[in-house]
> 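Input: one structure, supplied below.
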Amino acid sequence: MTTTEPAPTEERPIGFGKLLRKEDPRLIRGMGNFVDDIQLKGMLHLAILRSPMAHAKIVSIDKSAAEAMEGVVAVVTGEDLAGHGLAWMPTLSNDVQAVLATDKVRFQHQEVAFVVATDRYIARDALEQIDVEYEWIDPVVDVRTAMNPDVPVIRTDLEGKTDNHVFDWETGDAAATQAVFDNADVVVKQEVIYPRSHPAPMETCGCVADLNRVSGQLNLWSTTQAPHAHRTVYALVAGLPEHKIRVIAPDIGGGFGNKVPIYPGYVCAIVASLLIGKPVKWMEDRTENLVTTGFARDYVMQGEIAATKEGKILAIRTDVLADHGAFNGVAAPVKYPAGFFGVFTGSYDIEAAYCSMKAVYTNKAPGGVAYACSFRITEAVYLVERMVDVLALELDMDSAELRLKNLIKEDQFPYETKTGWVYDSGNYEPALRKAMEMAGYDELRREQAEKRERGELMGIGLSFFTEAVGAGPRKDMDILGLGMADGCELRIHPTGKAVVRLSVKTQGQGHETTFAQIVAEEIGIPPEDIEVVHGDTDNTPFGLGTYGSRSTPVSGAAAALVTRKVRDKAQIIASGMLEVSVADLEWNKGSFSVKGDPSKSVTIQDIAMKAHGAGDLPEGIEGGLEAQICYNPENLTYPFGAYICVVDVDPGTAEVKVRRFIAVDDCGTQINPMIIEGQVHGGLADGVGMALMQMISFDEDGNCLSGSLMEYLIPTALETPDWETGHTVTPSPHHPIGAKGVGESATVGSPPAVVNAVVDALRPYGVKHADMPLTPSRVWEAMQGNHTPPI
Amino acid sequence: MQVPAPFEYERATSVEQAIALRAKLGDEARFIAGGHSLLPMMKLRLANPEHLIDINDLEELFYIKEEAGEIRIGAMSRHRDLLDSELLYQHFPIFRDAEKLIADPVVRNRGTIGGSLCQADPAEDLSAVCATLGATCVIKSETGERVVDMKEFHVGPYETAVGDAEMLTEIRIPTASNGGSAYEKVERRAGDWAVVSSGASVWMDGDTITAGRVGLAAVGDNTTQLDGVAELLAGKTASEELYTQAGELAAASCSPQTDNRGTEAYKRHLAMELTRRSLRRAVARAQGQEA
Ligand SMILES: Cc1cc2nc3c(=O)[nH]c(=O)nc-3n(C[C@H](O)[C@H](O)[C@H](O)COP(=O)(O)OP(=O)(O)OC[C@H]3O[C@@H](n4cnc5c(N)ncnc54)[C@H](O)[C@@H]3O)c2cc1C
């Protein structure tokens with residue numbers, strides 16, 4: 001690994017720089033406080049009965065035996081909920097989802113009833129005593145058949161619904177693109193599938209709901225990446241007054257998008273607490289998490305590139321079939337039903353682009369946007385980066401050379417893409433050249449040529465990605481009508497210690513450190529003197545939460561600006577203290593001094609005491625040293641990177657070994673390089689997992705075959721190489737500190753590099769494309785010319 | 001958290017007492033050894049025994065020793081003990097090959113050879129290892145003990161010769177000089193069960209294989225010991241052609257099924273490729289060409 005801790009003698013940065021994470025001591029010592037650690041007096045436990053079938057009518061439910069069990073407090077069915085008007089809830093995409101099934105079940109493991117009992121074991125045992133009679137309905141499993149006229153309609157709950165259509169969507173210019181394709185020297189086409197995967201956070205989802213019947217106050221400890229958004233949605237669903245709802249997200253054991261949606265389990269726990277008048281805990285088990293909560297991807301993409309024979313890419317076109325499962329639970333800005341898939345034109349300067357998409361319902365768990373995907377940019381980047389390699393093969397051109405030829409040039413930024421995205425800043429070629437240099441690219445190609453002579457299979461895969469993160473500008477981004485601007489509040493205490501309150505919520509990204517460093521950089525107070533408060537709606541300003549790599553681009557900007565606001569006030573107070581005009585003061589990170597006379601200065605700590613102390617303040621200035629703002633981003637930020645993966649494939653067994661992985665990332669200004677590197681490491685491991693082993697699969701009856709970590713494989717240290725990371729720095733022009741997001745860069749950028757490397761290794765076998773996951777069997781089948789799509 | 005259905009629990013104090021208890025409680029009782037097969041099934045409620053008889057205190061079942069021309073392994077020997085044992089490695093390096101690739105350290109610290117053989121999971125590795133080595137199993141009951149060979153022991157997936165009121169107590173492997181053994185496995189990821197595994201053992205006289213056996217895991221019933229391959233190998237001169245022939249025969253003698261681990265065709269290919277590799281390595285070891 002290339003990370004080294006700062007030596008103890010090295011100065012701890014007051015501001016940006018390498019700094020050990022402030023949150024780690026408690027987490028490493030087992031002193032974290034997760035939802036399942038919450039114990040309340042009289043707390044009951046909830047377990048959910050789930051459907052064994054993917055599609056079936058509920059004929060009857062007999063709950064009497066369960067109700068008769070000692071320790072069982074309540075057994076609740078969909079019919080019971082319907083009596084309270086709570087059987088259905090809105091999804092984040094303005095669809096509805098059953099809290100508990102009333103009419104029929106629409107995916108395997110869908111919620112059918114819940115039991116509340118005095119302990120979790122009794123609750124679990126009681127599930128066995130509920131007798132449900134189902135009547136089988138043929139499930140729609142294969143996404144390609146979902147729109148066939150003869151298949152059953154899944155969403156019979158929707159008035160007048162006669163098919164399984166969710167939405168059609170398009171972007172770009174169909175006619176202009178067609179014209180370019182018509183006249184191009186070379187056109188390549190390839191079906192590229194991004195199979196269904198799952199974020200699989202270490203901590204499963206769950207909550208403790210405590211609804212006080214007397215005061216009407218609901219306290220909800222919950223595994224949520226977006227506490228404020230959730231509070232508002234609960235207010236809308238349950239009709240509870242918003243000021244009586246407090247959502248607390250304590251320590252969260254990984255989210256990756258899995259903890260953005262509101263799941264039926266949360267609503268069940270709230271309803272149970274309301275009905276029973278006691279606190280109720282619900283925690284998923286591993287299987288429940290894998291088979292029912294927000295999945296990711298599941299796009300079948302037809303990719304096409306038009307190019308000149310010299311390798312100039314002219315146009316990119318794609319037609320996508322999107323599997324949205326049984327309910328459209330996508331968490332993306334309303335006007336972006338396909339998330340930010342529109343950036344499928346990648347990092348290339350082209351003439352035209354067009355995408356058409358059809359989204360359909362199937363009898364599978366809902367979800368869609370999850371797993372560190374920056375709102376579907378994983379799919380977009382995978383498509384374009386795979387297609388560029390398909391083109392390179394067609395032209396018999398080196399894949400690095402082809403990319404270098406087509407990358408957007410430095411002087412073209414800000415660059416507006418053919419699908420209307422304005423890339424804020426970039427300097428792509430140096431990043432790719434740096435990665436090639438770190439990899440020893442030419443030497444690798446020489447080694448590969450030698451090995452091919454000997455029948456050995458070695459592959460080199462590239463990917464160049466541009467991300468679009470930091471949703472988003474109020475002008476066109478909202479979720480359920482909630483704008484995506486973020487509040488931030490900063491208070492400096494009299495002794496010069498600070499508290500900054502954020503609307504976003506870490507699930508492991510290190511907010512408590514990064515945000516302290518942002519404030520420190522702006523006001524010169526050491527990070528250890530800055531407390532970061534987050535994850536509690538009663539104690540933080542409103543904002544939409546942490547996902548889509550938006551924390552630094554949005555809340556990070558808010559933190560910088562609120563600190564500047566406080567600093568401006570501090571400057572006025574300092575001018576009074578030093579008896580000079582504001583204009584005569586100079587800021588030296590932590591103190592103001594009189595221009596030309598550095599001996600006359602006051603520290604921010606002096607100023608804080610003065611702000612809260614006795615004696616006059618400059619005219620018009622109130623006491624205290626604090627501020628609050630709400631930051632509305634002007635644009636998204638566009639981090640980018642160049643990745644190179646080297647694999648060896650055993651020709652006899654088709655096993656893939658990732659030998660090296662070189663990642664050069666540019667996320668603009670770096671706040672804490674060590675945290676950035678950690679984020680990159682995690683994302684690269686995710687990418688290797690998706691490329692080589694992870695997939696949520698189903699049999700033809702719609703049974704989910706990936707219900708445990710024995711079947712849904714996540715890579716270990718043995719499957720991942722020592723990551724070789726590097727960076728370039730191209731600040732964002734519109735972000736106050738020039739920072740861009742980085743949380744998802746590596747998850748977005750790495751899968752195509754791995755797949756491209758494997759396909760490159762298989763070149764002697766004439767393989768042009770192979771879909772993920774590239775398990776030994778799937779690679780071997782590709783070598784035999786029998787590659788089959790995973791769905 | 002996944003929790004099993006309620007059950008009664010008792011810690012056995014001796015092999016006799018454990019067997020007596022099992023005889024008394026009958027079908028609804030199970031021994032629990034390392035628990036790494038039984039507990040996951042109970043948590044998923046695929047197994048719902050009413051009684052668990054814990055045999056982890058039975059010190060008399062923890063050993064690996066050489067006695068009467070045999071290596072004798074107590075049924076409670078953990079995967080980890082088998083991995084670490086120098087005695088076992090000296091005689092049968094196939095154990096270390098296999099153990100390195102069985103599950104992960106957490107599972108290996110608890111899982112036992114007795115539990116593995118009795119579970120008889122179709123993808124389980126030690127049945128093929130033991131069968132390849134011509135092992136026998138000691139099965140005890142209230143009335144006495146019997147010794148069966150692996151063929152008799154391993155009836156099929158999840159099925160062994162061990163009856164309701166019996167316990168597997170020991171595995172015996174005859175030692176002979178000039179032998180070599182090896183194990184090859186393909187898994188989708190470290191810690192995963194085999195896509196396919198192949199074990200081989202040979203006894204050599206110069207370049208001639210006087211006797212050899214091959215066993216496969218995860219490719220269907222009755223593959224832990226392939227008689228046809230043993231017949232083919234006996235008396236032949238070791239060569240690449242022979243390994244390929246043996247591999248082809250192995251591939252033809254199994255009945256793999258397509259699943260998430262791989263297609264039938266791929267698994268058959270692996271049966272052949274891994275058999276070639278395990279034989280090649282077993283012969284090299286017998287000839288002292290591999291440390
Ligand atoms: C994540 C994971 C990965 C794994 N990967 C592999 C792998 O790659 N290859 C592989 O071979 N195995 C693998 N295993 C299985 C592992 O080796 C188990 O430990 C083994 O199969 C069972 O041994 P145990 O001691 O845990 O048995 P237990 O689970 O305690 O018992 C299994 C069964 O055997 C019975 N039993 C146990 N001991 C006796 C006895 N002495 N007499 C009679 N009956 C007895 C029990 O009653 C029970 O029915 C894996 C397990 C896990 C959890």
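Because the structure is a prediction, the values reported are computed rather than measured. Letters A, B, ... mirror the listed sequences (proteins, then strands); counts begin at 1.
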> Given a strict heavy-atom distance threshold of 4.5 Å, which part of N289(A) is in contact with chain B: side chain, backbone, both, or neither?
neither
> Select one option (side chain, backbone, both, neither) describing which atoms of P4(B) are under 4.5 Å from chain A's heavy atoms.
backbone
> Report which part of T653(A) has an atom under 4.5 Å of a heavy atom belonging to chain B: side chain, backbone, both, or neither.
both
> Counting only non-hydrogen atoms closer than 4.5 Å, does T287(A) touch chain B with its backbone (N, CA, C, O), its side chain (CB onward), both, or neither?
both
> Check this for me, if you would: do E719(A) and R188(B) make a salt bridge, where the nitrogen-to-carboxylate-oxygen distance has to be below 4.0 angstrom?
no
> Given the options L44(B), N260(B), L270(B), which has more heavy-atom pairs under 4.5 Å with chain A than any of the others?
N260(B)
> Do you know which of E284(A), M283(A), M695(A), R120(A) has the most heavy-atom pairs under 4.5 Å to chain B?
R120(A)
> If you count heavy-atom pairs under 4.5 Å with chain B, which of D650(A), V656(A), D699(A) comes out on top?
D650(A)
> Would you call D285(A)-R124(A) a salt bridge at under 4.0 Å N-O?
no
> Pick one of side chain, backbone, both or neither for E187(B), based on which atoms fall under 4.5 Å of a heavy atom in chain A.
backbone
> Going by distance alone, is a donor N or O of one side chain under 3.5 Å from an acceptor N or O of the other, for T258(B) and Y266(B)?
no
> Which atoms of V195(B) are under 4.5 Å from chain A, going by heavy atoms: the side chain, the backbone, both sets, or neither?
neither
> Kindly indicate whether the side chain of M772(A), heavy atoms from C-beta on, has any atom under 4.5 Å from the side chain of R297(A).
no
> Would you mind checking which part of E273(B) comes under 4.5 Å of any heavy atom in chain A, side chain (CB onward), backbone (N, CA, C, O), both or neither?
side chain
> Output yes when K267(B) and D259(B) qualify as a salt bridge under the 4.0 Å nitrogen-oxygen rule, no when they do not.
yes
> Side chain, backbone, both or neither: which part of R261(B) has a non-hydrogen atom closer than 4.5 Å to chain A?
both
> Most heavy-atom pairs under 4.5 angstrom with chain B, which of R778(A), E288(A), Q784(A), M693(A)?
M693(A)
> Should L39(B) and M42(B) count as side-chain neighbours, where that means a heavy-atom distance under 4.5 Å?
yes
> What part of L705(A) is in contact with chain B, defined as an atom under 4.5 angstrom from a non-hydrogen atom: side chain, backbone, both or neither?
both
> Please identify, among T716(A), D125(A), D36(A), the residue contributing the most non-hydrogen atom pairs under 4.5 Å to chain B.
D125(A)
